[in-house]
Amino acid sequence: MTQINEADKESNIAGRDYSEKLDQLIETEAKIDKTKVEIKKHEKLIQQIIESNTMKKTARLRKLASSSKEKDVYIEHLEEEIMTYHLKLSTLKEETDRLRMQVQEFDYESIWRYAKNKKDNGEIIELLNQYIDQHRIAEANFNFLLQSIARIFSSEPQEYKQHIYQKLFKVLKEKTPEFMIRSAFSDDNFSLKDVASYRASLTNRMRQYQITGELPEMVLDDKKIAYRFMESQQVRIPWSSVDSYTYKQIPQKANIVIKPVDGAGGRGVYIVNEINDIINVKNGERLSNWDLLLNRMEKDIVEKRVEKDQWVIEELILEDNNDKTPARDIKFYCFYGQVGLVLEIIRTPESKYCWWDAEGNRVFTGKYNNSLFEGLGVTNDEMELAATISSRIPSPFIRIDFLKSENGLVFGEFTPKPGNYDEFDNETDELLGNYFVEAQGKLEHDLINGKQFEEYKKIKQEANNDSVG
């Protein structure tokens, strides 16, 4: 995670990145140029067979052969050779594509179009199987290479060994072999911070939920339970409908927000300032009447942006009541009593994002880099509020989402599993991964020493009683 105000550091990073990409580009272009030469060589050979050799040999056969049958046999033989060369050429082109995919960096859209073309041509399964096999083999070879380097340096001077191991920890992550981990326990100079991963931690947490069917933070994914819990924390919550509606049943009224019961990332969320002034939060589209709203909601369902035709309405929270500015989102990434990251979002006229670290510095995280803006940030009191609430939830991680109104923060929802959490850059993933590991350790310590989480347990028990009743 990189601070935006560290200009010199950014310049150095950019310089290293440019140098590495330039090296890669030179090698890639050389390999592609070599492949092009091979293709041209085969194309030339094919052309020679068609235009020269074929005619000469068949001309001689016409003079010497006693029957046209022998000519036909020989021509068939030449045609088979030509087909063989065409096949080799096609294979060579496929190898070129695979080579480019392995060593040249593409943007997502280019890869998507390539995969879509394969799908349309009925070749996607073959492509998938090929790349799965290639990835498995390449990853195994890569890990063997890195482990071999680690073994080689295990008997080198301590300074060299430490330098190499820290490089390898950053790449191997959870695949770090035991003998390297052992070094970190026998020598305090070896840090395992580079091994931590937020992606891996959160994915394992979701696997745990899949196996056990229950996690403390998932209880708060239910908005009614979440509201009840936050009321117990004396945190303001917006008015919300008790019942859910189908999209056709939603009452026509102003100053509300319409949300799907199950949704994320602003999909299916609509701000109704007035009946003739409605905003689609996901794309910023302004709708001039209720019929257009119903049309967009129906499309959300048909196109699977929203899973179910179940919606709730909430009080519209404004940042400025005078000009009807919708409240910005403030999302705290909380790790059991500690805030690791804050995301600030404005939704209109288009969605823009700003990231803040725990010290209040603007940072890059690898997410939304093309849609950033200079936000207003949060106060120390707001940071402390989020941290305190998370310390009362028996979970190593939960995101706490607020809306920033004229009069301060208004609770939005708890998010146990943020969408697209895999898109953080490696530096941010590592940082949040260490927050996660630290939080898990603190939580286990508190549980062993008898911390009861009374407020959380009370809300959970009330929710269980409601469901039974």
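- In this structure, Asp422 does not pair ionically with Arg199, as no charged nitrogen and carboxylate oxygen lie closer than 4.0 Å.
- Remark: Lys367 is positioned above the aromatic ring of Phe424, its terminal NZ or CZ atom under 6.0 angstrom from the ring centre and at most 45 degrees off the axis.
- Nearest approach of Lys253 to Val272, heavy atoms of both residues: O-CG1, 3.4 Å.
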Worksheet item: Given Ser351 and Tyr368, is the side-chain hydrogen bond (donor to acceptor under 3.5 Å, both in side chains) satisfied, shown in steps?
Response: CA-CA 10 Å; Ser351 293; Tyr368 311 124; over 6 Å; no
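- The distance from the CG atom of Leu372 to the OH atom of Tyr353 is 10.0 Å, given to the nearest 0.5 Å.
- Listed by chain and number, the residues in a side-chain hydrogen bond (donor to acceptor under 3.5 Å, both in side chains) with Glu231 amount to none (sequence neighbours excluded).
- Using a cutoff of 4.0 Å between basic side-chain nitrogens and carboxylate oxygens, Arg267 and Asp300 are not scored as salt-bridged.
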Discussion item. Run the salt bridge (charged side-chain N to carboxylate O under 4.0 Å, His left out) test on Arg399 and Asp401 for me, step by step, so that the C-alpha distance in whole Å, both residues' side-chain angles and the decisive distance to 0.1 Å come before the verdict.
Written reply: CA-CA 6 Å; Arg399 198 182 73 192; Asp401 301 348; 2.8 Å; yes
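- Asp357 places a side-chain N or O within 3.5 Å of a backbone atom of Asn361 that can act as its donor or acceptor partner.
- Remark: Gln461 pairs with Asn465 by the side-chain hydrogen bond (donor to acceptor under 3.5 Å, both in side chains) rule, at least two apart or across chains.
- Arg205 and Phe436 make their closest contact through CD-CZ, 4.4 Å (heavy atoms, listed as atom of the first residue, atom of the second, distance).
- Judged purely by distance below 3.5 Å, without hydrogens or angles, the side chains of Glu384 and Thr388 pair a donor atom with an acceptor atom.
- Side-chain contact check for Ile389 versus Phe414: some heavy-atom pair is nearer than 4.5 Å.
- Under the 4.0 Å criterion applied to side-chain N and carboxylate O atoms, Lys282 and Glu350 are not assigned as salt-bridge partners.
- A donor-acceptor contact under 3.5 angstrom links the side chains of Asp425 and Thr428, judged on distance only.
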Discussion item. ring-ring contact (aromatic ring centres under 6.0 Å, His included), that's the test. Do Tyr198 and Phe397 meet it? Break it down for me.
Written reply: CA-CA 10 Å; Tyr198 176 69; Phe397 169 77; 5.4 Å; yes
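- Salt bridge annotation for Glu319-Arg347: absent, with no cationic side-chain nitrogen under 4.0 angstrom from a carboxylate oxygen.
- Panel note: side chain Thr415, backbone Pro418; no donor-acceptor pair is recorded below 3.5 Å.
- Ionic pairing of Glu344 and Lys352 is not present here: no N-O contact between side-chain nitrogen and carboxylate oxygen is shorter than 4.0 angstrom.
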Worksheet item: Between Asp446 and Lys442, does a salt bridge (charged side-chain N to carboxylate O under 4.0 Å, His left out) hold up when you go through it step by step?
Response: CA-CA 6 Å; Asp446 286 351; Lys442 288 179 179 178; over 6 Å; no
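- Salt bridge Arg296/Glu285: present, at least one basic N to carboxylate O contact under 4.0 Å.
- Side-chain N or O atoms of Lys259 include none that pairs as donor or acceptor with a backbone N or O of Glu314 at under 3.5 Å.
- For Asp329 and Lys331, the salt-bridge test passes: some basic side-chain N is under 4.0 Å from an acidic carboxylate O.
- Salt bridge status for Lys248 with Glu298: absent, with no side-chain N to carboxylate O gap under 4.0 Å.
- Using modelled atom types and a 3.5 Å distance limit, the side chains of Ser197 and Asp429 yield a donor-acceptor pair.
- A side-chain donor-acceptor contact under 3.5 Å links Glu382 to the backbone of Thr379.
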